[in-house]
Amino acid sequence: MGYLHQTIEPKWQDYWIKNQVFKTSEDLKLPKYYVLDMFPYPSGSGLHVGHALGYVATDIVARFKRMKGFNVLHPMGWDAFGLPAEQYAIKTGTHPKITTAENVSNFKRQINQLGFSYDWSKEINTTDPNYYKWTQWIFLQLYNKGLAYEEEVAVNWCPELRAVLANEEVVNGKSEIGGHPVYRTPMKQWILRITEYAESLLNGLDDLDWPENIKELQKNWIGKSEGAEVHFSVLNSPQSLTVFTTRPDTLFGATYMVIAPEHPLVQDLTTDDNKKDVLDYIEKTKLKSDFDRTEVNKDKTGVFTGSYAVNPLSKEHIPIWIADYVLSTYGTGAIMAVPGHDERDWEFAKKYQLKILEVVSGGDVSKAAYITKEAGEIVNSSHKDTLSIDGLTVSDAINTVISFLEKNRLGRRSVNYKLRDWLFSRQRYWGEPFPIMHTDQGVSPIDESQLPVRLPEVDNYKPSDDGKSPLSTIKQWVEIKDVNDNIIGLRETNTMPQWAGSCWYYLRFTDPQNLQEAWDKKAENYWMPVDLYIGGQEHAVLHLLYARFWHHVLFDLGLVSTKEPFQKLYNQGMILGDDGSKMSKSRGNVINPDDIIEEYGADSMRLYEMFMGPLNKSKPWNTKGLQGCYRFINKLWNTLVDEDGTLSSKIKEIQASKETLSIHHTTVEKVGHDIENLHFNTAVSQLMIYVNHLQDCEEISKELVIDLCKIIAPFIPHVAEEIWQLLGNTNTISYEKWPKFDASLTVKDEVEVAIQVNGKLRATITLDIDLDQENAVNAALQLEKIQSYTNNGQSIVKTIYVPNRLINFVVR
RNA sequence: GCCGAAGUGGUGGAAUUGGUAGACACGCUAGCUUGAGGGGCUAGUGGAGGAAACUCUGUGUGGGUUCAAGUCCCGCCUUCGGCACCA
C-alpha cells in the first residue's frame, strides 16, 4: 500500500499558504540567513526539471536553516522584461504585460506544487512600476556619479531581430538568440563606465566563497595586464605615438610599429606616396565583418604608411604600418612590434619581410618567436646614449626599462584591462525607460520625484526601420511639455537591457514593498550579504559582474553596507535528457515536472534530483532512478505507517538497540553536515541506509522516529509533515529544532579491520574498537590465511597498524 | 592556442588527513508472493578463471614516491566549459 502523494501534497501546500508558515520574521535580533535563487525569466514553456534542481537545493538549505534557528530570507521573483515577450507581441499584438502575467502565474503554480518554502509576501517583478521606479533611481545615482554617459558608437545592429545587441550577445558575428547576422552601425547609446570599477571588481573576488573557476572566468573577462606606456616620436613630424606593452624589456627589439586602421593619426602618418594603398586597405577593412576580423587563423594583412618612428632606446628608425590585427579598442590602438618575441608580430614580419631582432636569448628567432619569460637573458640591448640591459633577466629588465622611461619622460608604468564599458541601452519596448530628457542644452536627468517614468502603451511593438525604439513613435510621450504646452525636452526613447532589473533585485527582496525608498537601510544592513546564491553557470560573467558593479557603486555611495553582494555562490549543473544530450523540444527529451509530480509526487522529484549526483555536475535524467526514490519514500512510509493509515504499531516507547542508535546518530550528523556542504546526494543515500535498517527492525523507538521525521523534512517536506501529524503533533514541523547528535553513540564496539600482506588484502578480522597494536597484531597472526604467508620461510620485516582500519605485514 | 573542470562497474554515482575501491540507487539474473499485469520480498551482481575454497586483475594512459595510491608528484590522451590577434 503506497502513500497517497496526490492527497498529502496539496494538503500541506494549502496549509503552508493558509497559515503563512514561511513568512519571514521581522525580528531583526535573530541570526539571519539569506538564501537566494537566481530569479527566472518566466518563459512561456514553463518550468523544467533543470530549473527545479537549484530551487530544490536552496529550499532544503532554507528549511534546514530554519530548523537550526535562523531567521531565513528565501524569496522568489520574476525577471520579466526581455525579448521573448516582446517578440511574441510583435507577432501577435498581445501586450507583453499580458503574456508576462500568464507566464508568471504558470511558473508560480509549478513552483508551489514542488513544495518550496518561499515567502510569497516578498515576491517582486522587474516590470512592476513600483520596482522599476527604483531601477531608474539607481541609474540616476550612476549618472550623477559620472558613470553613465551617452556616445555615438558602432553598435551590433541585427536587422532580423531589429535590435541592437551587446557584445556579449553576439557570438561569432551572429546573434546569440536565433543566430542572425549582426552588422556594425553607429548609433547614439548609453554606456556605463564599468571600466572605472575594473580594479575594484577584480580585488573583490579575493574574499568571496565562489567556485574558483567562476572567479577565474571573471578575472579573465576583466583581463588585467600590467606593463608600460611608451612614447615614440615620429620622424619629420610633430606627432608622437604612444603604445602599451607588457614587455618593455624587449623595447630594443621593437623593429616596427603598427597602428589600428581606426587610429586617429592614420591620416597624419600616411605619406602622399602611400595614400592610395592606405585608403584601399582601410576601405577593405571596413567591409570585413567582425567575424572575419577576429578570425584567429586568418592571414595577417597590413600596409606601410610611409612614416618612421624612432625607437626611444635603440634610436633606430622603424617603419610604421597599419594592420587590422591591432585592435583600436584595446590599449592605445597602436603597438610596438617585437617580432623576435611576439608570435603575431613574428608572423607579420615574416610576411612583409620586416627586421626580426633577438633581444632575449634562449630561442631561435629565425624559426619562431621566443616568448618565454622565465629563462634566458637580455641580449643586443644597449646603446651608448640610452642604457644597457644586456645580461638582465626579463623581470629585472622590465623594471629597469620602466624606470628609465619614467625618468626621461618617455613613458610610464601602466595597467590595461580587457573589460570594456557596458553598452546599456536597447532599442526595444519591453524594458525600463531611462529617466532622461534631451533638451537644447543637452542631456538632463528626470527629477527623482517624477519617478517612475512609466512605460507607455504603444500600438506597434516593432522598432522603426532605422533601428529606433518603438517608444520614439509615441509623440505625446516623447515630448515633455511645461504648463503652457511648450516643449521643454524630449524623452530618451531607448530602454535598459534585461540585465538592469537583475542587478539589484536581491536588495529589493530585503524590503520589497517599500514605496518611499529602494530599500530600508536597517533591513538591508540586517539581511545583506546574500549568504548563499545558487544559479546556473551561464551567468558566471555577465549577470554576476554587472550586479557586482552596481553593488560596488552603491557601496561607495554609502547606500549598502557590504562591498560584495553574494558571499557564497554555487552553480547547479545541468540536467540532461535521458539520452545524455541537452534537453530541448526539438530532441523531444524534455521532462515536464507537472507529469512527474502527477505520477510520483513532488517529494519524489525533489529527492531524486538531489540523489542524482553532485549538485554542480551535469547528469542525465533517468525516470527509473526517480522510481527508485519513489520506492524509497513508500518504504519509509510503510515502515512508519500501518495499512490503516495510523502510526505503525512497531513504533513504541522503547530504548533503541545500540546498533540502531549508532546508525541514527551517524545519519543525523551526516545529513546535517552534508546539507551545510551542499552534498545532498550523499545525505539522501545515508537516509536510505537508515531506513533500510529500520525496515528490518521488529520494533522502532518512537524517540528516534521523531528525529528521523525532522531530518527528512528538508528533503521531502510533505511526507514529513504528514508523519509528524501522525506522531500526534498539531503544529508544522518547519520550525522544530534540528536534532542533536551524540558522537559517542555513533561509535561501535567492534570494527572490521583489513589485514594486508605486502599491501594486498588477504583477510579481514573483527576487533574491539581502539584495540592496542600488540593485541591486534597477535590476533591477525593467528589467522590461518595470514600464517600461510608468514610461515613459508619468510619473515615479517615491518608491521603497520592503523587502528580501526588495517594491519599491513611487510614480508620478505 | 590559452585558461578552467572532469575521466571510477552495464548506468547515475560513493570513498575523512594516502589506509578493505565500487557505499547508496538504477539495471540485470534467480527464487518467493500474486488470477495475470504491476507491485512487494529474498539472494546474487566490476572483469577473468574455478564446482567451491580461492587466485589473478581492476579507478583514462605511461612513469614515479610509499609498507600502502582512485587520492600525492611528473609526462601524455580524451571529453566538457570559457576566452579567443587584448600587444
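Scope of the values below: all heavy atoms of this structure, side chains included, with no hydrogens, waters or symmetry mates. Because the structure is predicted, anything quoted here is derived from the model rather than measured.
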Could you give the distance separating [M] and [N] at their [atom1] atoms, to the nearest angstrom?
{"N": "B:U61", "M": "B:G7", "atom1": "C1'", "value": "11 Å"}
{"N": "B:U34", "M": "B:A21", "atom1": "P", "value": "43 Å"}
{"N": "B:C41", "M": "B:C26", "atom1": "P", "value": "10 Å"}
{"N": "B:G18", "M": "B:U33", "atom1": "C1'", "value": "48 Å"}
{"N": "B:C77", "M": "B:G50", "atom1": "C1'", "value": "37 Å"}
{"N": "B:U42", "M": "B:G49", "atom1": "P", "value": "31 Å"}
{"N": "B:A5", "M": "B:U11", "atom1": "C1'", "value": "22 Å"}
{"N": "B:G82", "M": "B:U29", "atom1": "P", "value": "41 Å"}

If you check the [X] side chain, which of [options] turns out closest?
{"X": "A:P614", "options": "B:G13, B:A87, B:C41", "result": "B:G13"}
{"X": "A:T245", "options": "B:A87, B:U57, B:A25", "result": "B:A87"}
{"X": "A:L806", "options": "B:A25, B:U42, B:G19", "result": "B:G19"}
{"X": "A:N692", "options": "B:A68, B:C41, B:A25", "result": "B:A25"}
{"X": "A:K798", "options": "B:U20, B:G27, B:C67", "result": "B:C67"}
{"X": "A:K617", "options": "B:U42, B:G4, B:A6", "result": "B:A6"}
{"X": "A:Q756", "options": "B:U20, B:C41, B:U57", "result": "B:U20"}
{"X": "A:K624", "options": "B:C41, B:A87, B:G27", "result": "B:G27"}

Within less than 4.0 Å of OP1 or OP2 of [N], is there a side-chain N or O belonging to [X]?
{"X": "A:R631", "N": "B:G27", "value": "yes"}
{"X": "A:Q537", "N": "B:C80", "value": "no"}
{"X": "A:R805", "N": "B:U20", "value": "yes"}

Item checked: Within-4.5 Å side-chain heavy-atom neighbours: A:R805 and A:V753 ->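 A side-chain contact is absent here, since even the closest heavy-atom pair is not under 4.5 Å.
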
On the 0 to 90° scale, with breaks at 30° and 60°, tag the [X]-[Y] ring pair as parallel, tilted or perpendicular.
{"X": "A:Y630", "Y": "A:H5", "result": "perpendicular"}
{"X": "A:F680", "Y": "A:F715", "result": "perpendicular"}
{"X": "A:F348", "Y": "A:Y256", "result": "parallel"}

Checking all strands, does [X] fall into the base, sugar-phosphate, or nothing category for heavy-atom contacts under 4.0 angstrom?
{"X": "A:V810", "answer": "sugar-phosphate"}
{"X": "A:S225", "answer": "sugar-phosphate"}
{"X": "A:E229", "answer": "nothing"}
{"X": "A:S618", "answer": "sugar-phosphate"}
{"X": "A:G628", "answer": "sugar-phosphate"}
{"X": "A:K219", "answer": "nothing"}
{"X": "A:E752", "answer": "base"}
{"X": "A:T764", "answer": "base"}

Atom pair distance, as rounded to whole Å: [atom1] in [X] and [atom2] in [N]:
{"X": "A:L761", "N": "B:U57", "atom1": "CG", "atom2": "C1'", "answer": "14 Å"}
{"X": "A:M610", "N": "B:G12", "atom1": "CE", "atom2": "C1'", "answer": "14 Å"}
{"X": "A:F611", "N": "B:C24", "atom1": "CZ", "atom2": "C1'", "answer": "5 Å"}
{"X": "A:Y600", "N": "B:G39", "atom1": "OH", "atom2": "C1'", "answer": "12 Å"}
{"X": "A:D578", "N": "B:G12", "atom1": "CG", "atom2": "P", "answer": "13 Å"}
{"X": "A:N638", "N": "B:C41", "atom1": "CG", "atom2": "C1'", "answer": "12 Å"}
{"X": "A:F809", "N": "B:G19", "atom1": "CZ", "atom2": "P", "answer": "20 Å"}
{"X": "A:E343", "N": "B:C2", "atom1": "CD", "atom2": "P", "answer": "9 Å"}

Note to self: Syn or anti for B:G9, given that syn means the glycosidic angle lies within 90° of 0?
What the structure shows: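 Base orientation relative to the sugar is syn.
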
Item checked: RNA chain B contacts made by residues 681-689 of chain A, counting heavy atoms under 4.0 Å ->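 RNA chain B contact set from residues 681-689 of chain A: A:N681, A:T682, A:S685, A:M688, A:I689.
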
Next item on the list: Let me know, please, whether A:V753 or A:I335 comes out on the 5' side of the other along RNA chain B by nearest nucleotide.
Entry: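 Of the two residues, A:V753 wins.
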
Next item on the list: Please figure out whether A:G613 or A:C629 has its closest RNA chain B nucleotide nearer the 5' end.
Entry: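 Mapping each residue to its closest nucleotide by heavy atoms, the 5'-most match is A:G613.
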
Next item on the list: State whether A:W210 and A:R548 meet the cation-pi test: NZ (Lys) or CZ (Arg) under 6.0 Å from the six-membered ring centroid, and within 45° of the perpendicular axis.
Entry: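 Yes, a cation-pi geometry.
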
Note to self: For the residue pair A:E358 / A:Y370, report whether a side-chain donor-acceptor contact shorter than 3.5 Å exists.
What the structure shows: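 Judged by distance alone, the side chains do not pair up.
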
Check: Do A:D345 and A:Y325 get their side chains close enough for a donor-acceptor pair, meaning under 3.5 Å?
Finding: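 Yes, side-chain donor-acceptor contact under 3.5 Å.
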
Next item on the list: Determine which bases of RNA chain B form Watson-Crick or G-U wobble pairs with both distances under 3.5 Å, and write the result as a 5' to 3' dot-bracket string with | for other-strand partners.
Entry: (((((((..(((......[....)))(((((((.....)))))))((((....))))..(((((..]....))))))))))))....

Can you tell me how far apart [atom1] ([X]) and [atom2] ([Y]) are? Round to the nearest 0.5 Å.
{"X": "A:Q537", "Y": "A:M574", "atom1": "CD", "atom2": "CE", "value": "9.0 Å"}
{"X": "A:D603", "Y": "A:F632", "atom1": "CG", "atom2": "CZ", "value": "11.0 Å"}
{"X": "A:L615", "Y": "A:N681", "atom1": "CG", "atom2": "CG", "value": "9.0 Å"}
{"X": "A:R606", "Y": "A:I633", "atom1": "CZ", "atom2": "CD1", "value": "10.0 Å"}

Next item on the list: Go through the steps to decide whether A:L405 and A:L251 satisfy the test side chain to side chain contact (heavy atoms under 4.5 Å, CB included), and finish with yes or no.
Entry: CA-CA 11 Å; A:L405 293 173; A:L251 185 42; 4.1 Å; yes

Item checked: Residues, nucleotides or ligands: over 12 heavy atoms within 6.0 Å of A:K224 NZ ->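 Yes, NZ of A:K224 has more than 12 neighbouring heavy atoms, counting only those of other groups under 6.0 Å.
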
